[in-house]
Engineer: 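Dumping the structure here so I can ask a few things about it.
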Amino acid sequence: MGALRKPFLLLAMLALVLAVGVEVGAGLLLGGGDAGAELAGSATDLGVEVGDVREVSEPSGRGTGYLALIDAAALWTTGLFCLGLVLPDRLHGRIQGVATLIFSIVLIIVALLALVLAFVELTIMVSLFLAPPFGTLAYLALWGFFPVGDATVLLGLVLLLKLAWAGLLILAQPKFLQNKGLVLLILTSLLCTVLLEFLHHLVPVILVSILDSVGALVFAIIAVVWALVLLIGAIPAIVKAVRATAALRAEPDPHG
């Protein structure tokens, strides 16, 4: 590891934990606001009378939460770096391969389930939106008034924390830049965050939920890809650990 600056590495881990925490909690932090007035206005534009509209709330969306699927891989990788600070190299090498294999399998399963859920919801969204007037009204009542402003604030905070994570990693050990996989993971995480923000501002507000779900689908697929990369990368580590263990057992006992 060379001249590793441990405080910067630990701060990088903290920044990424906070970013993932914001993403996971996005479902609670976004949405829930009253959208009854907006629905009534949209219904009037469609030429449909809906009367007194109540209990219509802003949706929380899936995109920000699905970013955590990708960042779980980044968090795991950074966590392994931090684990190397407290474990002996031999023990760390043995644990790393098996633990990464298990983590990658779990991440693949979770990401695939999330992918199916997002796809089903997206299909329902599009089907309702394309079935005016009542299907469109049902879509508007459920997903038509995405809280773009609140999402922008959260994504800005997430992006800031991820930039801090990347910068602190480099400060901890400039040689991390030679790790192509880590650099690609950092770029993937940052670009996906920027992409989601772009999608939220690409279309009128009534269509943002659809693009947000499209983003969620993309993120789930990317998470599966990175989980597969981790899984494949864990295999040589496991083989090396098994060989080292076998060689250690094959050594003669000096005490006879």
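In this chain, residues are counted from 1 in sequence order. The figures that follow rest on heavy atoms only: side chains count, while hydrogens, waters and symmetry mates do not.
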Engineer: Determine, using the 4.5 Å side-chain heavy-atom cutoff (strictly less than), whether I221 and L199 are members of one ILVMFWY cluster.
Structural biologist: yes
Engineer: How far does CG of L140 sit from CZ of F134, to the nearest 0.5 angstrom?
Structural biologist: 13.0 Å
Engineer: If hydrophobic clusters are built by linking Ile, Leu, Val, Met, Phe, Trp and Tyr wherever their side-chain heavy atoms come under 4.5 Å apart, do L184 and V229 end up in the same one?
Structural biologist: yes
Engineer: Tell me if a side-chain donor or acceptor on T78 pairs with a main-chain N or O of L75 at a distance below 3.5 Å.
Structural biologist: no
Engineer: Is the shortest side-chain heavy-atom distance between L169 and I186 below 4.5 Å?
Structural biologist: yes
Engineer: Heavy atoms only: give me the nearest A151-E197 pair and the separation to one decimal.
Structural biologist: O-OE1, 4.4 Å
Engineer: So do the side chains of D150 and L154 get within less than 4.5 Å of each other, counting heavy atoms only?
Structural biologist: no
Engineer: Do W143 and E121 have side-chain heavy atoms sitting under 4.5 Å apart?
Structural biologist: yes
Engineer: Do you reckon V106 sits in the same ILVMFWY cluster as V98, going by side-chain contacts under 4.5 Å, direct or chained?
Structural biologist: yes
Engineer: Do the side chain of Y66 and the main chain of A223 share a donor and acceptor less than 3.5 angstrom apart?
Structural biologist: no
Engineer: Could you tell me whether the side chain of T152 reaches within less than 4.5 Å of the side chain of H201, counting heavy atoms only?
Structural biologist: yes
Engineer: Side chains of L230 and W226: closer than 4.5 Å at any heavy-atom pair?
Structural biologist: no
Engineer: Would you sort out whether L191 and L195 count as a side chain to side chain contact (heavy atoms under 4.5 Å, CB included), showing the intermediate values?
Structural biologist: CA-CA 6 Å; L191 289 176; L195 173 63; over 6 Å; no
Engineer: How about L182 and F81: do any of their side-chain heavy atoms sit closer than 4.5 Å?
Structural biologist: yes
Engineer: To the nearest 0.5 Å, how far apart are CD1 in I95 and CG in L83?
Structural biologist: 6.5 Å
Engineer: Rounded to the nearest 0.5 Å, what's the gap from CG on L67 to OG1 on T188? Could you check?
Structural biologist: 11.5 Å
Engineer: L187 and I70: same hydrophobic cluster, using ILVMFWY side-chain contacts below 4.5 Å?
Structural biologist: no
Engineer: Show the nearest heavy-atom pair for residues R62 and A216, with the distance to one decimal.
Structural biologist: CB-CB, 3.9 Å
Engineer: How far apart are the closest heavy atoms of V183 and L177, and which atoms are they?
Structural biologist: CG2-O, 3.6 Å
Engineer: With a 3.5 Å cut-off and sequence neighbours excluded, list the donor-acceptor pairs that the side chains of residues 122-131 form with protein atoms.
Structural biologist:
from: T123; atom 1: OG1; to: F119; atom 2: O; distance (Å): 2.8
from: S127; atom 1: OG; to: T123; atom 2: O; distance (Å): 2.8

Engineer: Does any part of the side chain of L228, heavy atoms only, come nearer than 4.5 Å to the side chain of V224, both counted from C-beta?
Structural biologist: yes
Engineer: Hey, is the main chain of I206 close enough, under 3.5 Å, to the side chain of Y139 for a donor-acceptor pair?
Structural biologist: yes
Engineer: Hydrophobic cluster membership, with links at side-chain heavy-atom distances under 4.5 Å among I/L/V/M/F/W/Y: are L190 and I170 in one?
Structural biologist: no
Engineer: Just how far is it from atom CG of L155 to atom CG of L30, taken to the nearest 0.5 Å?
Structural biologist: 8.0 Å
Engineer: Show me the side-chain donor-acceptor pairs of residues 9-23 shorter than 3.5 Å, one per line, residues at least two apart or across chains.
Structural biologist:
from: E23; atom 1: OE1; to: A68; atom 2: N; distance (Å): 3.3
from: E23; atom 1: OE2; to: K162; atom 2: NZ; distance (Å): 3.0

Engineer: Tell me which pairs pass side chain to side chain donor-acceptor pair (under 3.5 Å) where either residue lies in residues 207-216, with sequence neighbours left out.
Structural biologist: H200-D212
Engineer: Are the side chain of T77 and the backbone N or O of A73 linked by a donor-acceptor pair below 3.5 Å?
Structural biologist: yes
Engineer: To the closest 0.5 Å, what do you measure between OG1 (T100) and CG (L107)?
Structural biologist: 11.5 Å
Engineer: Tell me the closest heavy-atom pair linking A234 and L101, and the distance in Å.
Structural biologist: CB-N, 3.8 Å
Engineer: Kindly compute the distance separating CZ (F219) from CG (D71), expressed to the nearest 0.5 Å.
Structural biologist: 9.5 Å
Engineer: So which atom in S104 and which in L231 form the shortest heavy-atom distance, rounded to 0.1 Å?
Structural biologist: OG-CB, 3.3 Å
